[in-house]
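Worksheet: one structure, shown below.
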Amino acid sequence: MSQLSFSWTNTDALDKYWNEFCVVFPSPIPSDTVPANIAGQLVSIIQKHRNCACALAAYVAKMTYDHPKGVPSYCQILTSIMSTPEISTLQVPWDSEPTPFDDVFSYCLYDEIDQGLEDSFNDNRLGNLAVEPSNIRLTTALLSASAINYGLHSLTNTPIAIMRIGLGEVDPGSPPEPEQREIFGVVACLLLAVAGAQIMRTSRANFEKIEGGVTHALKLMKDIQLFQLPSAVALLERTIENAETGFTKDISEKDAWDILFPSSC
């Protein structure tokens, strides 16, 4: 039986904080909610539960899985929290050393994103390969892209490796599984469509070995008809358009998800 990939599948780590998060940080966030009010209440919870950084990262991953198009609001609130005097100066125990809370949260968010993109807890060795809104790899890609844009996250080895495979780079020392190419290609498109400007600004060197460059790789994906789903082809075309302008036409998380899954609009 397949399981969801994030650490929130094991709720033992969240039992202390789950109910409090749900009350002040609902998913989806009601349209009449003032983000500053949520941020203020979350700051109070963090001050009360200084060791809740990983639980908060897991909770945000769960929120994104349940309501992907709300992710920019989640990331905006988290960014505002991390910049408050109360949290930016907060030191918490981590690996036997006092560590800034925002550093611990960043590490935990990296871990959530790595696990989600790898579909780590799926019984299928290759993970979920379907291009569907319930695929945790895709909601994770959207979370990663939004977190990059809001300064909560930068590309680490796992998303870089997955994007390279999706874009067609082959490492002779570690050849990819052919069956994963399509889903990894969609992951790459989500990240580059939404956060391409920031990714190229900070991580361009990680994609220099791709033959012909990223734009050429995206066009080749279309030429070889890598994607079977018409809406995935539509997302690829928007990603190519963004790449051709030097990634000056990033689209919103909502637009990317609606292109990929128009029935969820």
Side-chain angles (χ1 to χ4, degrees), residues 4-8 27 53-54 56-79 82 102-122 127-128 131-167 180 183-204 206-207 214 218 232 235-236 238-239 242-243 247 250-261:
L4 299 179
S5 297
F6 290 114
S7 63
W8 44 261
S27 175
C54 288
L56 180 58
Y59 181 74
V60 172
K62 175 74 163 62
M63 293 174 77
T64 305
Y65 181 80
D66 290 341
H67 299 283
K69 290 186 284 190
V71 68
S73 297
Y74 313 152
C75 289
Q76 180 184 19
I77 289 169
L78 291 169
T79 299
M82 299 306 160
D102 57 350
D103 286 353
V104 178
F105 176 80
S106 293
Y107 174 86
C108 295
L109 186 62
Y110 292 153
D111 193 49
E112 292 294 332
I113 288 171
D114 285 358
Q115 289 185 59
L117 290 176
E118 291 180 329
D119 203 1
S120 298
F121 296 110
N122 197 311
N128 188 348
V131 181
E132 59 188 13
S134 61
N135 190 330
I136 213 153
R137 284 173 157 151
L138 301 181
T139 59
T140 302
L142 202 67
L143 171 60
S144 179
S146 193
I148 287 168
N149 282 340
Y150 279 94
L152 293 168
H153 172 58
S154 57
L155 285 183
T156 52
N157 290 340
T158 296
I160 288 170
I162 286 174
M163 289 178 70
R164 284 173 169 171
I165 293 170
L167 291 166
Q180 293 179 317
I183 193 66
F184 286 178
V186 178
V187 166
C189 285
L190 280 171
L191 279 156
L192 290 170
V194 174
Q198 186 64 15
I199 288 171
M200 289 298 112
R201 189 176 300 119
T202 60
S203 305
R204 183 183 297 272
N206 292 295
F207 303 97
V214 170
L218 290 166
L235 178 64
L236 173 58
R238 288 295 296 270
T239 310
N242 194 19
F247 293 97
D250 285 354
I251 61 177
S252 71
E253 295 88 339
K254 179 182 182 302
D255 285 349
W257 200 255
D258 284 345
I259 291 169
L260 185 57
F261 301 115

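Counting begins at 1 with the first residue of the sequence.
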Are Arg238 and Asp255 close enough, and set up right, to give a salt bridge (charged side-chain N to carboxylate O under 4.0 Å, His left out), and what steps lead you there?
-> CA-CA 10 Å; Arg238 288 295 296 270; Asp255 285 349; 5.5 Å; no
Would you check, one step at a time, whether the test side-chain contact (heavy atoms from CB on, under 4.5 Å) holds for Ile165 with Gln180?
-> CA-CA 8 Å; Ile165 293 170; Gln180 293 179 317; 5.6 Å; no
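From Met63, atom CE reaches atom OG1 of Thr139 across 13.0 Å, with rounding to the nearest 0.5 Å. Rounding to the nearest 0.5 Å places CG of Leu260 at 11.0 Å from CG of Leu236. To the nearest 0.5 Å, atoms CG (Leu155) and CD1 (Ile160) are separated by 5.0 Å.
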Output side-chain donor-acceptor pairs under 3.5 Å for residues 71-79, partner residues at least two apart or in another chain, one line each.
residue: Tyr74; atom: OH; partner: Ser27; partner atom: OG; Å: 3.2
residue: Tyr74; atom: OH; partner: His67; partner atom: O; Å: 3.2
residue: Thr79; atom: OG1; partner: Cys75; partner atom: O; Å: 2.9
residue: Thr79; atom: OG1; partner: Tyr150; partner atom: O; Å: 3.1

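Ser252 and Val194 make their closest contact through O-CG2, 4.0 Å (heavy atoms, listed as atom of the first residue, atom of the second, distance). Scanning both residues, Val186 and Ala232, for their nearest heavy atoms gives CG2-CB, 4.4 Å. Nearest heavy atom pair, residue Ile136 against residue Thr140, reads O-OG1, 2.6 Å. Here the closest heavy-atom approach between residue Tyr65 and residue Ser134 is recorded as OH-O, 3.1 Å. Leu117 approaches Pro159 most closely through the heavy-atom pair CD1-CB, 3.6 Å. Between Thr239 and Ala193 the shortest heavy-atom distance is OG1-CB, 3.6 Å.
With sequence neighbours left out, Asp102 forms a side-chain contact (heavy atoms from CB on, under 4.5 Å) with Met82, Pro100. Residues passing the side-chain contact (heavy atoms from CB on, under 4.5 Å) test with Ala243, sequence neighbours excluded: Thr215, Leu218, Phe247. Taking the side-chain hydrogen bond (donor to acceptor under 3.5 Å, both in side chains) definition, one finds that Ser144 meets it with His153, sequence neighbours left out. By the side-chain hydrogen bond (donor to acceptor under 3.5 Å, both in side chains) test, Ser146 is found to be paired with Glu253, residues two or more places apart in sequence or in another chain being considered. Phe207 meets the ring pair (Phe, Tyr, Trp, His ring centres under 6.0 Å) test with no other residue; sequence neighbours excluded. Remark: Ser154 engages Tyr110 in a side-chain contact (heavy atoms from CB on, under 4.5 Å) (not counting sequence neighbours). The side-chain contact (heavy atoms from CB on, under 4.5 Å) search around Gln198 returns Ile148, Asn149, Arg201, Thr202, not counting sequence neighbours.
Results of the side chain to side chain contact (heavy atoms under 4.5 Å, CB included) test with Ile183 over Ile162, Leu138, Asn128 single out Leu138 as the only residue that passes.
Side-chain contact check for Leu142 versus Leu191: every heavy-atom pair is 4.5 Å or farther apart. In this structure the side chain of Leu109 reaches within 4.5 angstrom of the side chain of Leu143, judged on heavy atoms. You'll find the side chain of Phe105 stays beyond 4.5 Å of the side chain of Cys54, heavy atoms only. Put simply, the side chain of Thr158 does not reach to within 4.5 Å of the side chain of Ile113, judged on heavy atoms. For the pair Asn242/Ile251, no side-chain contact is recorded, criterion being any heavy-atom separation below 4.5 Å from C-beta on. Residues Glu112 and Val60 fail the side-chain proximity criterion, which asks for heavy atoms closer than 4.5 Å.
Side-chain atoms of Ser120 come within 3.5 Å of backbone atoms of Gln115 as a donor-acceptor pair (strictly under, hydrogens ignored).
For the salt bridge (Lys or Arg N to Asp or Glu O under 4.0 Å) condition, the pairs that include at least one residue of residues 147-165, sequence neighbours left out, are Arg164-Glu169. Sorted pairs that involve residues 141-154 and meet salt bridge (Lys or Arg N to Asp or Glu O under 4.0 Å), not counting sequence neighbours, are lacking altogether. Every pair tested for salt bridge (Lys or Arg N to Asp or Glu O under 4.0 Å) that includes a residue from residues 132-142 fails, sequence neighbours excluded, so the list is empty.
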